[in-house]
Amino acid sequence: MPRTGLSPALIARLSKRADQHKYDHGHALILSGGPGRGGAARLAARAALRVGAGLVTLGCPPEALAENAAQVTAIMLRPLDGSAGLEEALEDPRLNAICMGPGLGIATVSRNHVRVALASRRPVVLDADALTSFADDPRAFFALLHSNAVLTPHMGEFARVFPDLAKALQADPRESRLEVRRAAVTQAAARCGATVLLKGEVTLIADPSGHLAELHLTGKAAAPWLATAGSGDVLAGLVTGLLARGFSPFQAAETGAWLHGAAGRHLGAGLIAEDLPEALPAIFAQLGV
Ligand SMILES: NC(=O)C1=CN([C@@H]2O[C@H](COP(=O)(O)OP(=O)(O)OC[C@H]3O[C@@H](n4cnc5c(N)ncnc54)[C@H](O)[C@@H]3O)[C@@H](O)[C@H]2O)[C@@H](O)CC1
Ligand SMILES: Nc1ncnc2c1ncn2[C@@H]1O[C@H](COP(=O)(O)OP(=O)(O)O)[C@@H](O)[C@H]1O
């Protein structure tokens, strides 16, 4: 990916044809945490819907259903009772992309959700608590992963799953940091067998076969107001929505990161995470989608 651009081929893939119906655009499942912890997953769900997934369902513990029902409309809701509930939901083959981590909680149930989702071999985005839940045993985590998974850590989460690679980064002087970051993300993807997107003002994306993309939100392309609570949850939702639409993991990661950056630049100072999905129609219009 050019450092600040999106290729014409990826822009073309964002369009919807007139003869398609909603199920042609996929059905994303976003998992939410318990009561009082649903905000992050709702942000992700909204982003998945705005980026064009045909349907988005928020799966939450039964006790969080009323809270979520008060907050969402176009997004559908499904109570999921533990990982057995997730397994049952995944009997529907039309659910074709999963997002887990934002606000999920760091707990055994989160680890079990990750196991069930990965065992289904569906495209899955693993963010936030889905990563942190495996901090004490990254090797067990890697054994579950496959090439349809996308990990979207910030630096803190990256260090929990790839502590040795993060240590090398922290030890390195500033001027060689980008080179070291590239090497670290490339090694991380090769090690875990999934696409890894390391977030920041420079976002790096690597897949297990050695492809590397980077998005530089610096200089004229800067979008520093993206450093706000929930912004990464929106990114996770964008990537999930694109996976539901049939983008490959690497394409979904680079397209999602680009749209996220464009929305951040478009909104500028004062933006909060809720604004980001709502900026997508303007970004699509600028792209001619
Ligand atoms: N509206 C909501 O409901 C929100 C919920 N959130 C959820 O809150 C939970 C905790 O996520 P957090 O990421 O806040 O906390 P974490 O504690 O998981 O990670 C943050 C820590 O990581 C370290 N770190 C190192 N480099 C960093 C970097 N580049 N960016 C961020 N942290 C870095 C810092 O020491 C920081 O204290 C997650 O489930 C997340 O999804 C947050 O996303 C914020 C918004
Ligand atoms: N200075 C910055 N410039 C541009 N983008 C940034 C900057 N800081 C953070 N971001 C982006 O904002 C998002 C923050 O995500 P994350 O740290 O996971 O926050 P949260 O957990 O609150 O959602 C990421 O997509 C990251 O790339």
Side-chain angles (χ1 to χ4, degrees), residues 22-23 25-92 94-110 112-114 116-117 124-130 132-133 152 225-226 228-244 256 259-260 263-264 267 270-282:
K22 64 184 177 184
Y23 280 101
H25 303 302
H27 187 169
L29 175 67
I30 316 286
L31 292 201
S32 157
R37 295 185 53 98
R42 288 195 297 271
L43 285 167
R46 184 89 183 168
L49 196 59
R50 279 280 185 208
V51 84
L55 304 90
V56 176
T57 291
L58 193 62
C60 66
E63 59 276 19
L65 197 65
E67 171 191 320
N68 282 313
Q71 298 283 340
V72 298
T73 305
I75 293 159
M76 296 179 290
L77 272 177
R78 179 179 176 125
L80 291 180
D81 208 354
S83 296
L86 176 59
E87 259 170 340
E88 199 186 319
L90 293 179
E91 283 169 14
D92 182 348
R94 294 173 302 181
L95 285 172
N96 67 340
I98 308 169
C99 174
M100 46 180 64
L104 193 62
I106 301 155
T108 305
V109 65
S110 303
N112 288 339
H113 277 334
V114 171
V116 168
V124 55
V125 172
L126 299 165
D127 185 43
D129 299 344
T132 304
S133 289
T152 54
W225 283 71
L226 281 175
T228 181
S231 166
D233 304 322
V234 170
L235 176 67
L238 292 175
V239 177
T240 308
L242 292 165
L243 288 172
L259 291 170
H260 187 255
L267 291 161
L271 82 82
I272 59 171
E274 277 100 325
D275 302 330
L276 291 166
E278 312 318 305
L280 282 186

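Quick caveat: nothing in here was measured; it's all calculated off a predicted structure.
Among all heavy-atom pairs drawn from S32 and N68, the shortest one is OG-ND2, 3.9 Å. In plain terms, the two heavy atoms of A236 and P102 that are nearest each other are CB-CG, 4.3 Å. Here the closest heavy-atom approach between residue G52 and residue H25 is recorded as O-CB, 3.4 Å. A pairwise comparison of heavy atoms in L58 and A45 identifies CD1-CB, 4.1 Å as the closest pair. Residue A273 comes nearest to G230 through the heavy atom pair CB-C, 3.5 Å, listed as atom of the first residue, atom of the second, then distance. The two residues A48 and A28 have their closest heavy-atom pair at CB-CB, 4.5 Å.
Summarising the geometry, atom CG belonging to L280 is positioned 10.5 Å from atom CG belonging to L49; distances are rounded to the nearest 0.5 Å. The CG atom of L55 sits 4.5 Å away from atom OH of Y23, with the distance rounded to the nearest 0.5 Å. L238 contributes atom CG, which lies 11.0 Å from atom CG of D233 (distance to the nearest 0.5 angstrom). Taking CG of L43 as the reference point, atom CG of L276 lies at 8.5 Å (rounded to 0.5 Å). For the atom pair CD1 of I106 and OG of S133, the computed distance is 6.0 Å after rounding to the nearest 0.5 Å. The CG atom of L31 sits 9.5 Å away from the SG atom of C60 when rounded to the nearest 0.5 Å.
Salt bridge R46/E274: absent, no basic N to carboxylate O contact under 4.0 Å.
In this structure a side-chain-to-backbone donor-acceptor pair under 3.5 Å is missing from S110 to A130. Listed for the H27 side chain is no donor-acceptor partner under 3.5 Å among the backbone atoms of A53. In this structure, the side chain of D275 does not engage the main chain of L271 through any donor-acceptor pair within 3.5 Å.
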Output side-chain donor-acceptor pairs under 3.5 Å for residues 76-89, partner residues at least two apart or in another chain, one line each.
| unit_1 | atom_1 | unit_2 | atom_2 | d |
| --- | --- | --- | --- | --- |
| S83 | OG | H113 | N | 3.3 |
| S83 | OG | H113 | ND1 | 3.3 |

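Defined by atom type and a distance below 3.5 Å, a donor-acceptor pair is present between the side-chain atoms of D127 and T152.
Inter-residue side-chain proximity for R42 and E67 is flagged as met; some heavy-atom pair is nearer than 4.5 Å. Residues L126 and V124 form a side-chain contact, since some pair of their non-hydrogen atoms from C-beta on lies under 4.5 Å apart.
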Query raised in the report: Can you check side chain to side chain contact (heavy atoms under 4.5 Å, CB included) on T240 and I98, steps first, answer last?
Result: CA-CA 6 Å; T240 308; I98 308 169; 5.9 Å; no
Query - Stepwise side chain to side chain contact (heavy atoms under 4.5 Å, CB included) check, L226 with H260 - result: CA-CA 9 Å; L226 281 175; H260 187 255; 3.8 Å; yes
